[in-house]
Student: 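Below: one structure in structure tokens.
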Amino acid sequence: MSPKSVQKIAKVFIWGGGAITVAVLLGIILYVLIQGLPSVNMEFLITPPKGGLSGEGGISTATVGTLYLLGITLAILLIPGIGAGIYLAEYARDNRPTRMVRYAVETLAGVPSIVFGLFGFALFVTALHFNFSILSGALTLVCLLLPTLIRTTEEAIRAVPRSYREASLAMGASKWQTIRHVVLPAAMPGIVTGIILCAGRIVEETACLYVTMGGSAAMPTSLLKGGRTLSLHLYYLAMDTNAFDKAMGTGAVLIIIIIIINAVTNLLSQRFQAKMRGG
Amino acid sequence: MPSHVVVDRTAKHVVLICASASFVILGAIFIFTMREGAPALQEIGLYNFLLGTEWRPGQEMFGILPMTVGSILVTLGSMVLAIPIGLACAILLAEVASFRVRRLLRPAVELLVGIPSVVYGLVGMLLIVPAVREIGGSGFSILAASLVLTAMVLPTIISISEDSLRAVPKGYKEAALAMGATQWQMIWHVQVPAARSGIMAGIVLGMGRAIGETMAMIMVIGNSPIIPTSPLSQGRTLTGNIAVEIMYASGIHRSALFSTGVILFLIILVLNTVATFALRRGLKAHHVA
Amino acid sequence: MDPKMQTRHLDFYYGENQVLKRVSLNMKERQITAMIGPSGCGKSTLLRVLNRMNEVIPDTRLQGEVLLDGNDIYASGVDVVEVRKRVGMVFQQPNPFPKTIYENIVFGPKMLGRRDKAYLNETVERSLRAAALWDEIKDDLSKSGLALSGGQQQRLCIARALAIEPEVILMDEPCSALDPVSTLKIEELMQELKKQYTIVIVTHNMQQAARVSDWAGFLLMGELVEYAETNEIFSRPQDKRTEDYITGRFG
Amino acid sequence: MKKLLTLLITAGLIGATVLTGCAGTPATHDTAGPTGSITEAGSTTVQPIAERFADVFTQMYPKVTVTIQGGGSSVGVKSASDGTVDIGAASRELKADEPALVKHLLCRDGIALATHPSNTVTGLTKDEVRRIFAGEITNWSQVGGPNENIIVVAREEGSGTRTAFEELVMDETLITNTAILQPSNGAVRTTVSITPTAIGFLSFGYLDGSVSSLAVDGVLGTIENAKNGSYPIVRPLYFLTKEAPSGLVKEFIDFCLSAEGQSIVEDEGYISVD
């Protein structure tokens, strides 16, 4: 075969790959939206699900559960995550302890969600007696998301030009003042992107919550009450009830949330890049 | 001591403690799952646990070979489709597509990562399972699970492969083109080989994601603890083994599920080490060049 | 008159690599001292040693003394922040923070604990005037420092350094990234600043050293080959190597 | 930027709190009565009834909180015996190796054989059921149906429903491992309802129009038939306590066993005890 005809076949292969990827994505999104949106209305959003075997009701408690979990998880996650990112980017030298921390972060990032779930189940649910609760779920998620936030923070901080640090130090600012007032503000867009990435993961995550949150359909009135997120709710609807229409409705809501989160992430990083360039 | 020195020192210790957190968590996960899983391993014996083909907790039979095989089969099954599609898409993004196409395709790939796995599971249950049933069997099958996984691992393979294709020095590409190679010859004979390590790392990380996936799997695979005999056969993954049974298990059964977690953990450890190694080698190769 | 700053038998190492060899140097108060030499001769390192910025780089070692008003800035118990407050620095690349012009200038005073608005406002005007930038940008104080032109950015950096009221200003090739017009402005500015501050400048541009400095030192491979008044060194170099360098025979 | 972060977190928390306030339980008038809290965990078969009990009980006594959790029968036994919860729930008899606990027979539950509504087979003998789940009968034509492979759907190991089914039907034979295993009664129902040639077993409480219930030994799986003893696959559902209950816990269990409690049991599709 002549190079020219190979080139032609290759083009089909390459564009075919792209087309399939887009088709898969559009297929899933359109299917879920078309099947799901008819059941999404105001009532669906604000009524609590009946729970148990019944697929009746809406998604209000699952929405609250998701928000609750989001708030608690981020509140616990931010300091250790950003702190560790700062350490790795600003303080760590290339020595054994640093390599151990890095290895831990890399490994933790790959550990399957269900293994975190097992851990949370054994430690938080059973040993610490937090039972199946929002708190157990949140603490498990913190462990799961730590590597994500650490990596994005570290990358964002490393992207801050050295000259900023030097200028600050040369003016008599201490190392911490430099980090706090020069490096962190400059790295903020990257860090915020990382945090939103984590928020997205919290919304998506199911496996580790399945074994730590209990899945109660009731309104979570305290940290130590069980609850469900939208994703978990979708799982229960799909598996335990025959309410596929409601499951699709929940799926549609989830997909819209994820699309918004992705759009906000892109917008934020663009805007801050523009600001860094001095717009 | 001036106050800023105190603040500096405190800050340093605080972030150091933060950094050690992940190490502590990793250790805790390993120790906890190990400790909970140890009684089962003692009782069953490592050999019977790893190579036993019967999983019947009621009969005190705890062989996880069917689940290990199940995990491997769905992973390989998804790779068969995801590698060529992903690689093609990565080449498209890195080399062929115009800026405008890229601007549409990239967010699409990112979005694919963001879709919750239960949504993949739901779509799989309602679209793919009935479709597979038309071919034969119950529809809940290794094939259905592989198809669902393909969509889930695509973005991992695409984004890491694209990065490493981009990292190939311009000089290589220009040299090839200047010698009269077609664009495809340049891509296939110069760029892809140069980015080989990175592409490998993307594939290995994609495999990690496939092996770790839980909820979507239990929704479409049937969860039968048998060694699958055909793509249409039901099966169960290691992750599914834990998720399906952990809620009701007690005693040795529960412990055996934690041991399953340990095995999963070790598999991921190996895969990650391979991926890290591949990525580092890829970086080094470009530095030497 | 005693020198404002002094180095005595200064040795400096990056790991095993010695980059300064027994450098002894006096920098006179309210004069401009220029360090010249080929790249890699250690002149930038010498400058960094003068306000302990070398300590930012790990795995370095220093022997000898650096005196500021007769006191060793490396003596134990000396606060590095205090040293850097008295010895300011301007870098090769203009490096304003991605903050407003105002925030850029009050950064130093704020870090040193000054909070009162009136003082900060006054500092901004004083520093910008001293850096000959006030008239150009006084209405744009809330604009990003990165929005200025290269020359303006560098003068902003000088103003920023002046805001903490240093006694000595170190300048590390401050004009190498600028166009000739901006360079000229900075050089004029240096002549103004010299009335109040002691200035040490590193430059690879011999014409610049000849134009602006009162004293000049020639560094070669970490060694201070010759140090004298600027017109001395350029008209009657004592050392053959200095002569070769300034007549352009190498470097 | 900092503001944005704080906003993100507080929005989550405040949003959750506010919505909790709006959508929470309707305000009940303050009546005198016992105060305190009761925790229950265990069998998911019992869970829906227990949740209804808790609802009604806390409406009667607004100062009482009742927490209902799942976990399965084994969890119910374990957590009642180690005192993690006040009440454990089990949907099967206690095993010999499990700790002795005080059993309170709450109600009975029939286990139905469910098939896809399109299936033409309407009844099986108990022995046919056993052989189907053992994997000995694999085609519907062997039991008078069309020539289609039987797809067996069962619960996973450890489930109380499965244990009860094994005791009542399987008679020492094992459920085939080629069965599709699902982690809940609901998931079994869903699987059967979307798989035309499937058969599964599930608690009476889960029966609805999406699946049809088979007659066993000629007796249709209905509450009456279970109550009068003619339907062969019926199991007991228990509340378990460590010792003879007292105080609030006793009050709650008594309520569940009262006529009012038993009417809830029937509402939910279970078989009341007289």
Side-chain angles (χ1 to χ4, degrees), chain A residues 3 6-7 10 13-18 20-22 24-25 28 31-32 79-80 83-84 86-88 91 100-101 104-108 110-115 118-119 121-123 143 146-147 150 174-176 200 204 206-207 210-211 231 234-235 238-239 244 247 251 254-255 258-259 262, chain B residues 4 7-8 11-12 14-16 18-23 25-26 29 32-33 36 85 87-89 91-92 96 105 107-112 114-119 122-123 125-127 151 154 182-185 208 212 214-215 219 239 242-243 246-247 258 261 264-265 268-269 271-272 276:
Chain A
V6 173
Q7 166 92 1
F13 167 67
I14 292 172
W15 284 96
I20 292 174
T21 309
V22 173
V24 166
L25 176 79
I28 292 173
Y31 179 68
V32 174
I79 290 179
I86 293 173
Y87 179 82
L88 286 179
Y91 290 93
M100 271 158 64
V101 167
V105 172
E106 274 166 29
T107 310
L108 220 45
V111 172
S113 168
I114 189 71
V115 175
L118 269 184
F119 169 66
F121 180 71
L123 179 61
C143 300
L146 208 50
I150 293 175
S174 70
K175 178 153 186 163
W176 178 247
E204 291 154 44
T206 332
Y210 177 63
V211 295
S231 291
L234 167 56
Y235 172 80
M239 289 292 272
F244 289 122
L254 273 171
I255 282 191
I258 295 296
I259 290 177
N262 272 29
Chain B
H4 65 85
V7 174
D8 250 38
K12 185 175 174 176
V14 169
V15 295
L16 178 62
C18 292
S20 42
S22 31
F23 193 75
I25 290 172
L26 185 70
I29 290 179
F32 256 85
T33 38
E36 299 274 333
I85 299 174
L87 191 55
C89 194
I91 293 173
L92 181 63
V96 179
L105 198 51
V109 173
E110 282 165 21
L111 205 55
L112 220 44
I115 295 178
S117 65
V118 283
V119 172
L122 179 64
V123 173
M125 222 170 135
L126 296 181
L127 279 184
L154 258 182
T182 63
Q183 189 187 28
W184 172 250
Q185 286 172 324
T214 314
M215 302 316 272
M219 290 169 89
T239 51
I242 299 171
I246 190 69
M247 297 301 252
F258 275 92
L264 251 179
F265 190 93
I268 293 295
L269 216 67
L271 281 181
N272 271 18
T276 315

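Just so we're clear, the structure is a prediction, and the values are computed from it rather than from any experiment. All values below come from the heavy atoms of this structure, side chains included, with hydrogens, waters and symmetry mates left out.
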Student: Contact between Leu126(B) and Tyr31(A) at the side-chain level, heavy atoms closer than 4.5 Å - yes or no?
Tutor: yes
Student: Could you check Phe23(B) against Val105(A) for side-chain contact (heavy atoms from CB on, under 4.5 Å), going step by step and ending with a plain yes or no?
Tutor: CA-CA 7 Å; Phe23(B) 193 75; Val105(A) 172; over 6 Å; no
Student: If you look at every heavy atom in Ala88(B) and Phe13(A), which pair is closest and at what distance?
Tutor: CB-O, 3.4 Å
Student: Check ring-ring contact (aromatic ring centres under 6.0 Å, His included) between Trp184(B) and all other residues, then give those that pass, not counting sequence neighbours.
Tutor: Trp188(B)
Student: CD1/Ile28(A) to CG/Leu111(B) distance, rounded to the nearest 0.5 angstrom?
Tutor: 10.0 Å
Student: Non-hydrogen atoms of chain B under 4.5 Å away: do they reach the side chain of Leu118(A), the backbone, both or neither?
Tutor: both
Student: If the condition is ring-ring contact (aromatic ring centres under 6.0 Å, His included), which residues does Phe265(B) pass it with, not counting sequence neighbours?
Tutor: Phe30(B)
Student: Mind checking the OH-OG spacing from Tyr235(A) to Ser117(B)? Nearest 0.5 Å is all I need.
Tutor: 10.5 Å
Student: So which heavy atom on Ala21(B) is nearest to which on Leu146(A), and how close?
Tutor: CB-CD2, 4.3 Å
Student: Would you mind checking which part of Leu254(A) comes under 4.5 Å of any heavy atom in chain B, side chain (CB onward), backbone (N, CA, C, O), both or neither?
Tutor: side chain
Student: Taking all non-hydrogen atoms of both residues into account, name the closest pair between Met219(B) and Ala238(A) and its distance.
Tutor: CE-CB, 3.6 Å
Student: Can you name the nearest heavy-atom pair linking Pro80(A) to Cys18(B), along with the distance?
Tutor: O-CB, 3.4 Å
Student: With a 3.5 Å cut-off and no angle check, do the side chains of Asp8(B) and Ser174(A) form a donor-acceptor pair?
Tutor: yes
Student: I need the residue from Gly261(B), Gly212(B), Ala243(B) with the largest number of non-hydrogen atom pairs under 4.5 Å to chain A.
Tutor: Ala243(B)
Student: Which pair of heavy atoms, one from Val15(B) and one from Gly83(A), lies closest together, and at what distance?
Tutor: CB-O, 3.4 Å
Student: Determine the minimum heavy-atom distance between Asn272(B) and Glu106(A), stating which atoms define it.
Tutor: ND2-O, 3.3 Å
Student: Could you look at Tyr91(A) and say if it's the side chain, the backbone, both or neither that has a heavy atom under 4.5 Å from chain B?
Tutor: side chain
Student: Based on non-hydrogen pairs under 4.5 Å, which of Val14(B), Leu122(B), Leu154(B) is most in contact with chain A?
Tutor: Leu122(B)
Student: Begin from the C-alpha positions of Val6(A) and Thr182(B) and carry the test side-chain contact (heavy atoms from CB on, under 4.5 Å) through to its verdict.
Tutor: CA-CA 9 Å; Val6(A) 173; Thr182(B) 63; over 6 Å; no
Student: With a 4.5 angstrom heavy-atom cut-off, which part of Glu36(B) approaches chain A: side chain, backbone, both or neither?
Tutor: side chain
Student: Do Leu108(A) and Ile29(B) make a side-chain contact, defined as non-hydrogen atoms from C-beta onward lying under 4.5 Å apart?
Tutor: yes
Student: For each of Val101(A), Ile79(A), Thr206(A), tally heavy-atom pairs with chain B at distances under 4.5 Å, and name the one with the top tally.
Tutor: Thr206(A)
Student: Using a 4.5 Å cut-off on heavy atoms from C-beta on, say whether the side chain of Ile246(B) contacts that of Tyr210(A).
Tutor: no
Student: Is there side-chain contact between Ile115(B) and Val32(A), with heavy atoms separated by less than 4.5 Å?
Tutor: no
Student: Relative to chain B, which segment of Val111(A) carries a heavy atom at a distance below 4.5 Å: side chain, backbone, both, or neither?
Tutor: both
Student: Non-hydrogen atoms of chain B under 4.5 Å away: do they reach the side chain of Ile255(A), the backbone, both or neither?
Tutor: side chain
Student: Just wondering, do Met125(B) and Met239(A) contact through their side chains at under 4.5 Å, heavy atoms?
Tutor: yes
Student: Would you mind reporting whether Ile268(B) and Pro112(A) have side-chain heavy atoms less than 4.5 Å apart?
Tutor: yes
Student: Using a 4.5 angstrom heavy-atom cutoff, name the option from Gly16(A), Gly200(A), Ser231(A), Ser113(A) with the most pairs to chain B.
Tutor: Ser231(A)
Student: Quick check on the interface: out of Ala151(B), Ser22(B), Gly208(B), who has the most heavy-atom pairs with chain A under 4.5 Å?
Tutor: Ser22(B)
Student: I'd like to verify something: which residue of Val96(B), Thr239(B), Leu16(B) has the highest number of heavy-atom pairs under 4.5 Å with chain A?
Tutor: Leu16(B)
Student: Which of parallel (below 30°), tilted (30 to 60°) and perpendicular (above 60°) describes Phe121(A) and Phe258(B)?
Tutor: parallel
Student: Can you tell me which portion of Leu26(B) sits under 4.5 Å from chain A's heavy atoms? Options are side chain, backbone, both or neither.
Tutor: both
Student: Is chain B contacted by the side chain of Ile258(A), its backbone, both, or neither, given a heavy-atom distance below 4.5 Å?
Tutor: both
Student: Please rank Leu88(A), Leu123(A), Val22(A), Ile259(A) by heavy-atom pairs under 4.5 Å with chain B and give me the top one.
Tutor: Leu123(A)
Student: Which answer fits Leu105(B), side chain, backbone, both or neither, if we ask what part of it has an atom under 4.5 Å from a heavy atom of chain A?
Tutor: side chain
Student: How many angstroms lie between atom CD1 of Ile85(B) and atom CD1 of Ile20(A), to the nearest 0.5 angstrom?
Tutor: 4.0 Å
